[in-house]
Amino acid sequence: MNYPYIKQFRKALVTWYLEEQRDLPWRHTKEPYQIWVSEVMLQQTRVDTVIPYYNRFIEKYPTAESLAYTPEEELLKMWEGLGYYSRVRNLQAGVREVVEVYGGKVPDNRVDISKLKGVGPYTAGAILSIAYGKPEHAVDGNVMRVLSRVLNIDADIALPKTKEIFEEAVTKLIDIENPSAFNQGLMELGALICTPTSPKCLLCPVRDYCTAFHEGNPSSLPVKSKKLKTKDIHYDVYVIRNKDGSYLMEKRMEEGLLANMWQFIMVERDEVENSLTKVEKQYNVILNRELIEPIISFKHVFSHLKWHISSYLVDAIETGELSQLNTAFLTKEQIESIPMPVPMLKIWGNLT
DNA sequence: AAGCCGGGGGT
DNA sequence: ACCCCAGGCTT
């Protein structure tokens with residue numbers, strides 16, 4: 001794009017953003033910490049999903065100091081249902097570093113802010129431009145889609161290397177006068193107008209500067225290669241109830257999928273007799289095999305795998321000492337206070 | 001560079 | 001069924 005057009009493109013984008021932007025909670029603040037929270041929640045997550053979580057989170061943890069030393073289980077409960085739970089662990093680690101190393105002030109340069117846990121190239125640029133007004137690129141999926149069309153770039157955006165092309169493009173195009181509105185304008189345009197399928201080109205404020213609109217095919221961009229196939233795993237989930245009306249639960253491992261979240265007893269599907277024997281032995285209980293009541297069967301899709309779950313309610317006739325520290329019989333009130341992944345919430349919700 | 005890490009909504 | 005979403009970390 002030639003220089004005169006760059007200036008006009010900036011102006012058109014920023015003017016449109018300032019007039020048409022949605023009223024979102026995190027647009028009422030310029031506190032770097034609060035912008036940070038919003039950006040982490042928005043990673044791979046839609047605006048409408050984030051809004052209630054953001055409001056609750058900021059109300060409870062309005063400052064870096066208030067978040068820094070909150071127990072992890074409480075944070076996971078606040079994050080419950082949002083997904084990608086390592087985000088909140090990393091956020092807290094980063095925030096704690098800000099409190100302890102930077103005196104509570106979020107760094108205002110890319111080198112230092114990028115050292116914080118959970119802050120990658122995008123989040124760094126977003127905080128720097130939105131909270132500090134720095135002319136830094138913030139390239140996410142929206143930006144790559146919009147600019148692939150405006151500049152008619154057909155490089156494969158699934159390749160990490162391709163992102164550098166767009167970072168350089170933004171660095172060249174960005175409005176020094178209002179980096180915040182420019183970066184958010186690109187993303188807002190991607191969310192409202194320059195959508196993945198059927199972009200609303202006739203309503204686009206930068207249509208005049210869009211190469212794909214004039215010389216190419218906006219709908220065919222961006223190019224993205226790799227598509228992943230999910231693996232199928234079948235589980236039987238046993239909701240085991242003791243004489244007190246408490247339920248046997250276990251906490252997942254500290255790392256990996258759904259780390260540190262709680263679940264009912266879950267075993268890979270097998271012959272029913274084998275499953276029950278395995279459960280009885282491992283958790284030192286004797287189950288009433290005469291009365292196994294199906295609760296619900298469903299599929300739960302993750303980004304890289306698919307769970308097929310069948311769940312059952314069964315009474316423990318006898319219970320012994322639980323050998324593992326991460327297992328316990330919990331009351332209804334306790335269960336509703338611990339963080340559980342959505343599949344377990346679904347089973348719990350169908351229990352009564 | 002590729003795999004891992006959730007969940008929901010749109011088409 | 002498939003795609004994508006205000007991505008980052010680990011290997």
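All chains are named by letter (A, B, ...) in the order of the sequence lines, taking the proteins before the strands, and each is independently numbered beginning at 1. These numbers come from the heavy atoms of this one structure, side chains and all, not from hydrogens, waters or symmetry mates.
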Does any part of the side chain of [Y], heavy atoms only, come nearer than 4.5 Å to the side chain of [X], both counted from C-beta?
X: A/Tyr238; Y: A/Val267; value: yes
X: A/Cys210; Y: A/Arg149; value: yes
X: A/Arg22; Y: A/Val47; value: yes

Open item on the list: Considering every strand and a 4.0 Å limit on heavy-atom distances, what is the contact class for A/Ser86: base, sugar-phosphate, or nothing?
Closed with: nothing
Q. Looking across every strand, which nucleic acid part, if any, lies under 4.0 Å from A/Pro222 by heavy atom: base, sugar-phosphate, or nothing?
A. nothing
When A/Ala191 and A/Lys306 are each assigned the nearest nucleotide of DNA chain C, the 5'-most assignment goes to A/Lys306
Within [range], which residues have any heavy atom lying less than 4.0 Å from an atom of DNA chain B?
range: residues 113-127 of chain A; result: none
range: residues 156-182 of chain A; result: A/Pro160, A/Lys161
range: residues 55-67 of chain A; result: none

Can you check whether A/Gly81's main-chain N or O pairs, donor with acceptor, with A/Tyr85's side chain at less than 3.5 Å? yes
Residues at least two apart in sequence or cross-chain that pass salt bridge (Lys or Arg N to Asp or Glu O under 4.0 Å) with A/Arg241, listed by chain then number, are A/Asp315
Less than 6.0 Å separating the ring centroids of A/Trp26 and A/Tyr54? yes
The dot-bracket string of DNA chain B, counting Watson-Crick and G-U wobble pairs with both distances under 3.5 Å, using [ ] for crossing pairs and | for pairs to another strand, is |||||.|||||
Contact list (N/O, under 3.5 angstrom) for nucleotides 8-10 of chain B vs protein:
residue : atom : partner : partner atom : Å
B/dG8   : N2   : A/Arg46 : NH1          : 2.2

